[in-house]
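These notes are about the structure you will find just below.
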Amino acid sequence: MPHIFKRFHMALSDVLSELAEEGALPAGLDPAKVTVEPPRDASHGDISTNVGMVLSKPAGMKPRGLATLVGDRMRTLPALGIVNLSIDGPGFLNFRLAPSMWQGELATGLRAGLAYGDSHVGQGVRVNVEYVSANPTGPMHVGHCRGAVVGDVLASLLAKAGFDVVREYYINDAGAQVDVLARSAYHRYREALGDDMGAVPVGLYPGDYLVPLGQNLAQQYGDIWREADEAVWLETIRRDAIAAMLVLIKEDLAALGVRHDLFSSERAMVESGAVEASLAALEARGLIYVGVLEPPKGKTPDEWEPRPQTLFRATEFGDDVDRPLKKSDGSWTYFANDIAYHYDKAIGNPDRAGANILINIFGADHGGYVKRMVAAVKALTDGKVSLDIKLCQLVNLLDKGVPVKMSKRAGNFVTLREVVDEVGANAVRFIMLTRKNDVSLDFDFAKVQEQSKDNPVFYVQYAHARATSVMRNAVDSLSHDQLSPEHLANSSLNRLTDETELGLMRTLASWPRLVEAAAEAHEPHRIAFYLGEVAAGFHALWNKGRDEASLRFILPDDPDLTVARLALVQGVKSVIASGLAILGVKPVEEMR
RNA sequence: GCACCCGUAGCUCAGCUGGAUAGAGCGCUGCCCUCCGAAGGCAGAGGCCAGGGGUUCGAAUCCCUUCGGGUGCGCCA
């Protein structure tokens, strides 16, 4: 069954067509723009709709008149449980619902368990989410952390909303940096052979993580390359080095709990001829030409000189300038390869299902790249496939409020692994979603491990632990069977009438709606914020029970009400667990 | 010079794709443990949503513009 707000929206649509058939309203009123949502201020009721304002013009009626007409008809539908309605402000139609509606929704949630909030809004829509895509030149560092979590959680969120999701990692194994990797590995290989190589030359990767690779190469190939020219060993060592780096990266991802369905290789794609194929598609649309670009104003590069280039007409699709596809040596630019890659993901590869929506998670330093890529996808798919690029801002590492010093030159940059080992994947994942992706966020080692409400991870986990604790205590007086979700769902939920209880039930009931909205907006952080709200509501109810004994969960002289209260506690526990599941965070049973 | 992101309480940030009297945490002030976990909760003070124009029934949200911060700007990926 659809969630409560959707049921109201459907009923509202039906009422509109009914009234149109009766001639009370013109035909063809579009309910799509009408919102049905909880009002910000609870004093306005339980459910609010702007139907009066949005449709007043096409209906040829005043907002309040239209709202009254629609509201009176909806009130006659018993399934909606409307006990009162009012027309407020400029024409809001506000409904007050019978408590049984919220109690019923709680029962629905209990029966669904972790599946509560699952939705079909994404049914039949294929989404490709590309995230991490760190260069395969070494282990991951903290900078990769945020994008990895945001992408992973967004993918889970979309899956919960019913989208058909592919999680993808793009291996940048075709550029100059993997040649540098190969040379760096060769240096370690010679060291492993016992040759005195001196310090790692500037320009190569100095990290110790290449030492074991050098030893493996020495062991596997012996000294066959000791005196050999680079051309002889480059390809083999590069291949082996990339494979070794991917092993490191996959270990790091696993430690963070991030997974991908697909690792696709840039090199393999290029070698398959995909670049030529995608550019042919652009060529066929007349979108490629040879021309000369203007130098950027105010910041002319030193070596700038006018030069004819092969260009893509990105300006026809909203970009600021047309973009080059070929380097001066004749090879493809990164952009050309990326065009091919996106074409591949969307419609150009018969071996893929083809995505309707492409999502990329990038660092904010790639902001300048967004317009041209969106333009390319629009051009290649004739606007049928959308590309949404989420840019993640920096994470500031702190310890007790003091910035953690990092210097890549000194080699003491912080790895992803160090952070995960220090505070745990659960805390890292949660904190990464406590900000919208496009604002920078502070990550304080001390704070994320603190056991206080300063720490949002703790605050939510504590609520879950408290709920678990109540259920544990209840076992003393009740059987496990009495505490089963089905039994709880069938309990006397109509006895849950305190305003704090009803408020918490309303919050829980908005979970399915929140999942859909967050998924459609591609905003996973909303899950974390919502869980904070649920936790706050539960903590408040808990403390109210300290002040008023009649509101305590376990009441020895009223087993009937006790079971109903436990149903609410279980509902809280279940929704928190359901939300944490999307975040990939393990709910804790007790704090230690 | 141009593009993109950000600017909301003293601080850190939400604000449900345009809704009603703009919210939360920290900090500040004052309360709540004989009681299911006080590792919590309640109440109060605190705002020209950076400034200015516009769009409409209605703007923190959309458009233009100014200011401030960040990121980027042909052969790096």
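Per chain, numbering begins at 1; letters A, B, ... match sequence-line order. None of these values were measured; they are calculated from a predicted model. Below, all heavy atoms of this structure are taken into account, side chains as well, without hydrogens, waters or symmetry copies.
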Does [X] put a side-chain nitrogen or oxygen below 4.0 Å from OP1 or OP2 of [N]?
X        : N      : value
A/Lys453 : B/rG41 : yes
A/His366 : B/rC73 : no
A/Lys327 : B/rA77 : yes
A/Arg40  : B/rA20 : yes
A/Lys544 : B/rC32 : no
A/Tyr459 : B/rG41 : yes
A/Lys436 : B/rC13 : no

Roughly how many Å is it from [atom1] in [X] to [atom2] in [N], rounded to a whole number?
X        : N      : atom1 : atom2 : answer
A/Asp444 : B/rC26 : CG    : P     : 16 Å
A/Arg526 : B/rG15 : CZ    : P     : 7 Å
A/Glu450 : B/rC26 : CD    : P     : 11 Å
A/Glu294 : B/rC2  : CD    : C1'   : 13 Å
A/Asn396 : B/rC6  : CG    : C1'   : 14 Å
A/Leu551 : B/rC42 : CG    : C1'   : 14 Å
A/Asn543 : B/rA38 : CG    : C1'   : 7 Å
A/Ile171 : B/rA77 : CD1   : P     : 17 Å

[X] side-chain proximity, nearest of [options]:
X        : options                : answer
A/His525 : B/rG37, B/rC42, B/rA14 : B/rA14
A/Phe529 : B/rG37, B/rA14, B/rG19 : B/rA14
A/Ser440 : B/rC5, B/rG40, B/rC13  : B/rC13
A/Pro296 : B/rG74, B/rG41, B/rG37 : B/rG74
A/Lys57  : B/rG37, B/rC57, B/rU17 : B/rC57
A/Phe92  : B/rG19, B/rU17, B/rG74 : B/rG19
A/Ala540 : B/rA38, B/rG74, B/rG41 : B/rG41
A/Arg435 : B/rG1, B/rG37, B/rC13  : B/rC13
A/Pro90  : B/rC26, B/rG19, B/rA20 : B/rG19

What contact category does [X] fall into here, base, sugar-phosphate, or nothing, at under 4.0 angstrom with non-hydrogen atoms?
X        : result
A/Glu305 : base
A/Asn473 : sugar-phosphate
A/Ala521 : base
A/Val439 : sugar-phosphate
A/Ser452 : sugar-phosphate

**OP:** Based on the glycosidic angle (syn within 90° of 0, else anti), state the conformation of B/rU17.
**Re:** syn
**OP:** Just label B/rC33 as syn or anti from its O4'-C1'-N9-C4 or O4'-C1'-N1-C2 angle, using within 90° of 0 for syn.
**Re:**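 Syn, since the glycosidic angle lies within 90° of 0.
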Just name whichever nucleotide pairs with [N], Watson-Crick or G-U, keeping both distances under 3.5 Å, else none.
N      : value
B/rC26 : B/rG10
B/rG47 : none
B/rC33 : none
B/rC62 : B/rG54
B/rC4  : B/rG70

Distance-only donor-acceptor test, [X] side-chain atoms vs [N] base atoms, 3.5 Å:
X        : N      : result
A/Asn94  : B/rA20 : yes
A/Asp365 : B/rG72 : no
A/Arg466 : B/rC36 : no

Original post:
Do A/Asn360 and A/His342 get their side chains close enough for a donor-acceptor pair, meaning under 3.5 Å?
Top reply: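 Yes, because at least one side-chain N or O of A/Asn360 sits under 3.5 Å from a partner of the opposite role on A/His342.
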Original post:
Do we see a donor-acceptor contact under 3.5 Å between the side chains of A/Asp338 and A/Tyr369?
Top reply: yes
**OP:** Could you tell me whether a side-chain N or O of A/Asn94 sits under 3.5 Å from a main-chain N or O of A/Ser48, the two making a donor and an acceptor?
**Re:**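 Not a single qualifying donor-acceptor pair exists.
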Original post:
Is A/Ser510 reaching over with its side chain to a backbone N or O of A/Arg513, donor-acceptor style, under 3.5 angstrom?
Top reply: no
**OP:** With RNA chain B as reference, determine whether A/Gln309 or A/Arg372 sits nearer its 5' end, using the nearest nucleotide of each.
**Re:**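 Final value for this comparison: A/Gln309.
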Original post:
Starting at the 5' end of RNA chain B, which residue's closest nucleotide do you reach first, A/Pro308 or A/Glu589?
Top reply: A/Glu589
Determine the Euclidean distance between corresponding [atom1] atoms of [M] and [N]; express it in Å to zero decimal places.
N      : M      : atom1 : value
B/rA50 : B/rU8  : C1'   : 10 Å
B/rC16 : B/rG68 : C1'   : 29 Å
B/rC11 : B/rU55 : P     : 34 Å
B/rC49 : B/rA3  : C1'   : 25 Å
B/rG25 : B/rU71 : C1'   : 29 Å
B/rA45 : B/rC57 : P     : 37 Å
B/rG15 : B/rG23 : P     : 15 Å
B/rA14 : B/rC26 : C1'   : 14 Å

Original post:
Any salt bridge between A/Glu533 and A/Arg526, counting N to O under 4.0 Å?
Top reply: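 A salt bridge is absent here (no side-chain N lies under 4.0 Å from a carboxylate O).
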Original post:
Hey, is A/Arg495 close enough to A/Asp558 for a salt bridge, meaning N to O under 4.0 Å?
Top reply: yes
**OP:** From the options A/Val572, A/Leu568, A/Val569, select the one residue that forms a side chain to side chain contact (heavy atoms under 4.5 Å, CB included) with A/Leu541.
**Re:**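 The single option meeting the side chain to side chain contact (heavy atoms under 4.5 Å, CB included) with A/Leu541 is A/Leu568.
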**OP:** Could you tell me how the ring of A/Phe312 sits relative to the ring of A/Phe335: parallel (under 30°), tilted (30 to 60°) or perpendicular (over 60°)?
**Re:** tilted
**OP:** Classify the ring geometry between A/Phe458 and A/Tyr462 as parallel (under 30°), tilted (30 to 60°) or perpendicular (over 60°).
**Re:**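 Rings of A/Phe458 and A/Tyr462: parallel, as their planes differ by under 30°.
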**OP:** Would you check, one step at a time, whether the test ring pair (Phe, Tyr, Trp, His ring centres under 6.0 Å) holds for A/Tyr170 with A/Phe362?
**Re:** CA-CA 12 Å; A/Tyr170 184 46; A/Phe362 285 171; 9.6 Å; no
